[in-house]
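Data block below; observations after.
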Amino acid sequence: FDNKVLIDDLDYTIARTDRIGIIGKNGMGKSTLIKILNGEILPDSGHIEIGETVKIGCFSQDDSHMHPDMRAIDYVKEESDYITTADGTKITASQMCEKFLFNSTMQYSFIGNLSGGERRRLHLLRTLMLAPNVLLLDEPTNDLDIATLNILEDYLDEFNGIVITVSHDRYFLDQVVNRIFEIHNKKLKTYNGNYSDFIKASAIEKELELKKFEDQQKDIKKQEESIERLKAFGREKHLKRARSKEKALAKVDVLDKPEA
């Protein structure tokens, strides 16, 4: 995107039980991946296969579609008048509003009169009214108060579908996800477990990578010292061995030092 490769060589089949947390530094392509999954933009290469029964709901950071002159309840009903739970119970838009802390008075407030956090909560509520079986969440904890976060976590506990979320909130990731996608250096690596599990696995992985790098550096230094000793003898047979070692050393794929 914009002549910049964000993620290269990604191949993954999402399972029905997946609850994925996408992490990485800013600018690594996390939100872009959410937009690709939501069909908002197309990948430069490759393709995404979406099953016929998949129904995607996306809670993004963009709320520009929310008209300030629309009442909160009408905004929710524009998506659906009710949702049906797994046990067949119907929950009306108004009841869902109550669940998400919009009382009968607030439901008839104009969106333009709501605070930034209230608009985020309303946007989240409308996304859930779609009754998706795949839920995409882009930084869902931004601007949400503790009470709303608790409601969201409770909802996700009962949600019988796939969750894919971008978040910097470690506690939220620990509570919600069972798999981590880390985007780093244009690659996506997967880890089983929540964020705390990722931290442990990543630390072990980095320790092994550092040892591999240090062992290679020691071997390279040893070979270089051997070459210098052979050259110091000055005889043709020693110089020939030195040249042979130099050629072999030049073919070594030198590892980069792992980031701290």
Side-chain angles (χ1 to χ4, degrees), residues 7 10-24 28-41 43 48-63 76 79-80 83-87 89 91 96 99-101 117 120-183 188-199 201-202:
I7 304 171
L10 169 58
D11 183 9
Y12 186 81
T13 300
I14 298 174
R16 291 180 62 183
T17 56
D18 272 349
R19 292 181 169 231
I20 298 167
I22 304 173
I23 63 172
M28 291 290 102
K30 302 184 298 297
S31 293
T32 299
L33 181 55
I34 290 289
K35 289 178 180 178
I36 290 174
L37 292 172
N38 196 38
E40 296 175 53
I41 54 180
I48 296 175
E49 294 183 9
I50 298 177
E52 293 181 2
T53 60
V54 170
K55 192 175 185 181
I56 297 175
C58 182
F59 177 48
S60 69
Q61 300 182 66
D62 179 20
D63 63 1
V76 175
E79 187 61 65
S80 180
I83 59 171
T84 304
T85 63
D87 63 4
T89 303
I91 302 177
M96 279 292 284
K99 186 179 178 73
F100 277 78
L101 309 180
R120 285 282 288 169
R121 192 195 315 159
L122 189 66
H123 181 193
L124 172 61
L125 171 54
R126 174 173 163 140
T127 301
L128 301 181
M129 287 299 293
L130 178 64
N133 52 22
V134 175
L135 193 53
L136 307 179
L137 306 171
D138 190 2
E139 296 290 1
T141 62
N142 285 3
D143 298 321
L144 292 183
D145 55 34
I146 298 298
T148 308
L149 284 175
N150 289 336
I151 293 169
L152 175 59
E153 287 172 12
D154 289 343
Y155 176 88
L156 293 177
D157 280 343
E158 299 175 4
F159 179 65
N160 188 26
I162 294 167
V163 177
I164 303 175
T165 180
V166 170
S167 181
H168 289 90
D169 188 324
R170 298 181 178 189
Y171 177 79
F172 179 77
L173 291 173
D174 270 348
Q175 295 298 111
V176 171
V177 310
N178 58 21
R179 185 177 296 274
I180 292 289
F181 280 8
E182 182 194 27
I183 302 177
L188 189 149
K189 296 182 70 174
T190 66
Y191 296 83
N192 291 327
N194 60 19
Y195 188 84
S196 292
D197 296 323
F198 156 74
I199 289 295
S202 180

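The first residue of the sequence shown is numbered 1, and numbering continues consecutively from there. When reading the values below, keep in mind they use all heavy atoms of this one structure, side chains included, and skip hydrogens, waters and symmetry mates.
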- Query: Out of I23, I20, T165, which one pairs with V177 under the side-chain contact (heavy atoms from CB on, under 4.5 Å) rule?
  - Reply: T165
Does [X] have any side-chain contact (heavy atoms from CB on, under 4.5 Å) partners at least two apart in sequence or in another chain, and if so, which?
X: A201; result: Y191
X: A131; result: I83
X: S60; result: C58, D62, H123
X: K30; result: I22, N26, V166, H168, I183

Hey, what do you get for [atom1] ([X]) to [atom2] ([Y]), rounding to the nearest 0.5 Å?
X: I41; Y: S31; atom1: CD1; atom2: OG; answer: 9.5 Å
X: L136; Y: F59; atom1: CG; atom2: CZ; answer: 12.5 Å
X: D11; Y: L188; atom1: CG; atom2: CG; answer: 11.0 Å
X: L37; Y: I50; atom1: CG; atom2: CD1; answer: 7.5 Å
X: T190; Y: L10; atom1: OG1; atom2: CG; answer: 10.0 Å

- Task: Check E79 against M129 and note the closest heavy-atom contact, atom names and distance.
- Result: CG-C, 4.1 Å
Not counting sequence neighbours, which residues clear salt bridge (charged side-chain N to carboxylate O under 4.0 Å, His left out) with [X]? List them please.
X: D18; result: R179
X: R19; result: none
X: E40; result: none
X: K189; result: E205

Between the side chain of [X] and the main-chain N/O of [Y], is any donor-acceptor distance below 3.5 Å?
X: D174; Y: S196; result: yes
X: N133; Y: K55; result: yes
X: K99; Y: L125; result: no
X: N178; Y: T17; result: yes

- Message: For Q175, give me all partners under side-chain hydrogen bond (donor to acceptor under 3.5 Å, both in side chains), at least two apart in sequence or on another chain.
- Response: none
- Item | Residue pair I180 / D197, side-chain heavy-atom distance below 4.5 Å | no
- List the steps, then state whether salt bridge (charged side-chain N to carboxylate O under 4.0 Å, His left out) holds for R121 with D145. CA-CA 9 Å; R121 192 195 315 159; D145 55 34; 3.6 Å; yes
- Task: Tell me, please, which residues at least two apart from Y195 pass ring-ring contact (aromatic ring centres under 6.0 Å, His included).
- Result: F198
- Message: Test of understanding: with ring-ring contact (aromatic ring centres under 6.0 Å, His included), list the residues that count as partners of Y12, not counting sequence neighbours.
- Response: F181
Atom pairs and distances, side-chain donor-acceptor, residues 150-164, under 3.5 Å, sequence neighbours left out:
{"from": "N150", "atom 1": "ND2", "to": "I146", "atom 2": "O", "distance (Å)": "3.3"}

- Task: Apply side chain to side chain contact (heavy atoms under 4.5 Å, CB included) to D63 and L122, showing your working.
- Result: CA-CA 10 Å; D63 63 1; L122 189 66; over 6 Å; no
